[in-house]
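Bear in mind that the values here come from a model prediction, so they are computed numbers and not experimental data. Per chain, numbering begins at 1; letters A, B, ... match sequence-line order.
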2 protein chains.
Amino acid sequence: MRQTAIRNAFEAFLKRRALKLTTQRRRIFDRAFETHEHFSAERLYRWLVDEPGTRVSRATVYRTLGLLVEGEFMHSLDAGRGELVYEHTAGHQHHDHMVCLSCGKIEEFVDPMIEELQLAACVRKGFELVDHDLRLLGYCKACRRTRSAMGTPAADETARAATPEEAPSAGE
Amino acid sequence: MRQTAIRNAFEAFLKRRALKLTTQRRRIFDRAFETHEHFSAERLYRWLVDEPGTRVSRATVYRTLGLLVEGEFMHSLDAGRGELVYEHTAGHQHHDHMVCLSCGKIEEFVDPMIEELQLAACVRKGFELVDHDLRLLGYCKACRRTRSAMGTPAADETARAATPEEAPSAGE
DNA sequence: GTCGTTGCAAAGCATTTGCAAGACT
DNA sequence: AGTCTTGCAAATGCTTTGCAACGAC
């Protein structure tokens, strides 16, 4: 399995922090890396509960996830719902997200030019860039289709401020 | 007062939604627009409590803030701490943010080129862009200075989650 | 054996909501 | 007068934490 390298990195990380490699941590780590999609802490917890293996508590899932983020093995992102979603930072280096306001799906994309411009903007402001988070909110291809098929003119307002009935203009 | 225009827009918005212009809503609106910085719901609530005027409950602050966001009078953004911060959308159209991981300060910036590239990326993916949120995380000029003066090495990951206990034996 | 860890349940937080009293239009 | 609103407090939903039992090193 090609996960050996990353697992070793994790074990090294634990060792460096004088933390122990417990059964739970291993299971959480493995399950999290097994998934190449975004998941919430709760989702991961459910997987661990439903699938066979050592019992793991929700608290430990949260704790370990936090550890993984600290160790840069995972990245967390707020997709707008009340919970954080996680994704591992294994192969793919960095990417930004398109979050569908309708189905919640998260697509990834990268644009080197955008990254570069961000850096340039930081230099201009004397800001030391550590990380960034770019989320494009809208409707994915599938939902667009559905919406137009349903004759939805523009999102219903419950979907956020997608279509306020006006745009206040301030005199400035 | 030059807030008349925007206040009128707010009143018009309420009218259109068959909502009433209550003393509380007016006070919340005014106080929120009086501030040209980012603030949390709690902060706004504190201001309203501390400053003289009609009593306003926390619940109403939240409710009204939600209204203001729906009406596009305010914009909310998750600055990484557990709470949303708000900013009015009066004159300045749209901008992105640089959030200082050390002092929490939020600087604004705009880069038309980035905006354009975002749109292009969406077109490529068949994604209908509604809104976006770009946050650059790092250290502001002031904090950079402080940090380097203190001999703080490059950004360590513990800075984000407000984890009080530092990694003691990590690589320093 | 020693600490770090776990699980549980309770606690925390920011935010939301049910409901009865109260205030705009 | 009739609704929309408010305030309160309880509820929510995600996440964190205290603590005693437990397990890795």
Side-chain angles (χ1 to χ4, degrees), chain A residues 10-29 38-46 48-49 53-71 74 76-86 104 158 160, chain B residues 10-29 38-46 48-49 53-71 74 76-86 104 158 160-170:
Chain A
F10 179 50
E11 296 181 14
F13 168 75
L14 291 177
K15 196 153 294 174
R16 208 173 318 124
R17 302 262 275 223
L19 300 176
K20 289 169 184 172
L21 177 60
T22 63
T23 323
Q24 289 83 337
R25 294 222 251 243
R26 187 166 30 228
R27 190 146 118 84
I28 292 171
F29 181 90
H38 300 75
F39 57 86
S40 64
E42 181 66 25
R43 178 103 115 230
L44 175 55
Y45 171 65
R46 288 269 70 98
L48 296 171
V49 166
T54 310
R55 234 208 124 248
V56 177
S57 72
R58 207 186 254 95
T60 300
V61 170
Y62 277 102
R63 282 190 276 234
T64 305
L65 239 20
L67 222 47
L68 292 176
V69 169
E70 274 184 57
M74 292 270 158
S76 67
L77 112 109
D78 177 5
R81 286 109 156 79
E83 60 187 11
L84 292 176
V85 294
Y86 298 82
T158 47
R160 263 166 118 51
Chain B
F10 179 49
E11 296 181 14
F13 168 75
L14 291 177
K15 196 153 294 175
R16 208 167 319 120
R17 301 261 276 224
L19 301 176
K20 290 170 183 169
L21 177 60
T22 62
T23 323
Q24 289 81 338
R25 295 222 251 243
R26 187 166 31 228
R27 190 146 117 85
I28 292 171
F29 181 90
H38 300 75
F39 57 86
S40 65
E42 182 64 25
R43 177 103 117 231
L44 175 54
Y45 171 66
R46 288 269 71 99
L48 295 171
V49 167
T54 310
R55 232 209 126 250
V56 177
S57 71
R58 215 189 307 270
T60 299
V61 170
Y62 277 102
R63 282 191 276 235
T64 304
L65 239 20
L67 223 47
L68 291 175
V69 169
E70 274 185 59
M74 291 269 157
S76 67
L77 113 109
D78 177 6
R81 285 102 156 87
E83 59 187 11
L84 291 177
V85 294
Y86 298 82
T158 47
R160 43 141 80 315
T163 313
E165 33 121 270
E166 285 264 335
S169 60

Listed by chain and number, what are the ring-ring contact (aromatic ring centres under 6.0 Å, His included) partners of B:Phe39, not counting sequence neighbours?
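Applying ring-ring contact (aromatic ring centres under 6.0 Å, His included) to B:Phe39 gives B:Trp47.
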
Under the 3.5 angstrom rule, does the side chain of A:Arg27 hit a backbone N or O of A:Val56 as a donor-acceptor pair?
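No.
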
Donor-acceptor check, side chain of A:Arg26 to backbone of A:Leu21, threshold 3.5 angstrom: yes or no?
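Not a single qualifying donor-acceptor pair exists.
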
Is A:Leu44 close to A:Tyr86 at the side-chain level, that is, under 4.5 Å between some pair of heavy atoms?
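They are not in contact (no side-chain heavy atoms under 4.5 Å apart), so the answer is no.
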
Within the 4.5 Å heavy-atom criterion, are B:His38 and B:Leu77 side-chain neighbours or not?
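Yes. Closest side-chain heavy atoms under 4.5 Å.
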
For atom [atom1] of [X] and atom [atom2] of [N], their distance in whole Å:
X       : N      : atom1 : atom2 : value
B:Arg25 : D:dT5  : CZ    : C1'   : 6 Å
B:Leu67 : D:dC4  : CG    : P     : 14 Å
A:Leu14 : C:dC3  : CG    : C1'   : 15 Å
B:Leu48 : D:dT6  : CG    : P     : 13 Å
A:Leu19 : D:dG23 : CG    : P     : 19 Å
B:Arg27 : D:dT6  : CZ    : P     : 13 Å
A:Lys15 : D:dA24 : NZ    : C1'   : 12 Å
A:Arg43 : D:dC14 : CZ    : P     : 13 Å

Exercise answer: donor-acceptor pairs, residues 60-67 of chain B side-chain atoms, under 3.5 Å, sequence neighbours excluded:
unit_1	atom_1	unit_2	atom_2	d
B:Thr60	OG1	B:Ser57	OG	3.1
B:Thr64	OG1	B:Thr60	O	2.8

Per-nucleotide protein contact string for nucleotides 11-22 of chain C, where B marks a base within reach and S marks sugar-phosphate only (heavy atoms under 4.0 Å, - for neither):
---SBBBB----

Please determine if a side-chain N or O atom of [X] lies less than 4.0 Å away from the OP1 or OP2 oxygen of [N].
X       : N      : result
A:Thr23 : D:dG23 : no
A:Gln24 : C:dG7  : yes
A:Thr22 : D:dG23 : no

Report the residue (B:Ser57 or B:Ala18) whose heavy-atom-nearest nucleotide on DNA chain D is the more 5′ of the two.
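Here B:Ala18 is the residue nearer the 5' end.
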
So if I take every side-chain heavy atom of B:Arg55 and compare against C:dG4, C:dG7, D:dG7, which nucleotide ends up nearest?
D:dG7

Begin with the C-alpha distance, continue with both residues' side-chain angles, and end with the deciding distance and a verdict on side-chain contact (heavy atoms from CB on, under 4.5 Å) for B:Phe13 and B:Leu68.
CA-CA 10 Å; B:Phe13 168 75; B:Leu68 291 175; over 6 Å; no

What pairs with A:Thr22 under side-chain contact (heavy atoms from CB on, under 4.5 Å), at least two apart in sequence or on another chain?
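Residues passing side-chain contact (heavy atoms from CB on, under 4.5 Å) with A:Thr22: A:Lys20, A:Gln24, A:Arg25.
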
At 10 degrees resolution, what angle do the end axes of the helix from C:dG1-D:dC25 to C:dT25-D:dA1 form when each is taken over five base pairs?
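Rounded to the nearest 10 degrees, the bend comes out at 30°.
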
My understanding is that only residues two or more places apart in sequence, or in another chain, count here; which of them pass salt bridge (charged side-chain N to carboxylate O under 4.0 Å, His left out) with B:Glu42?
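Per chain and number, B:Glu42 pairs via salt bridge (charged side-chain N to carboxylate O under 4.0 Å, His left out) with B:Arg46, B:Arg58.
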
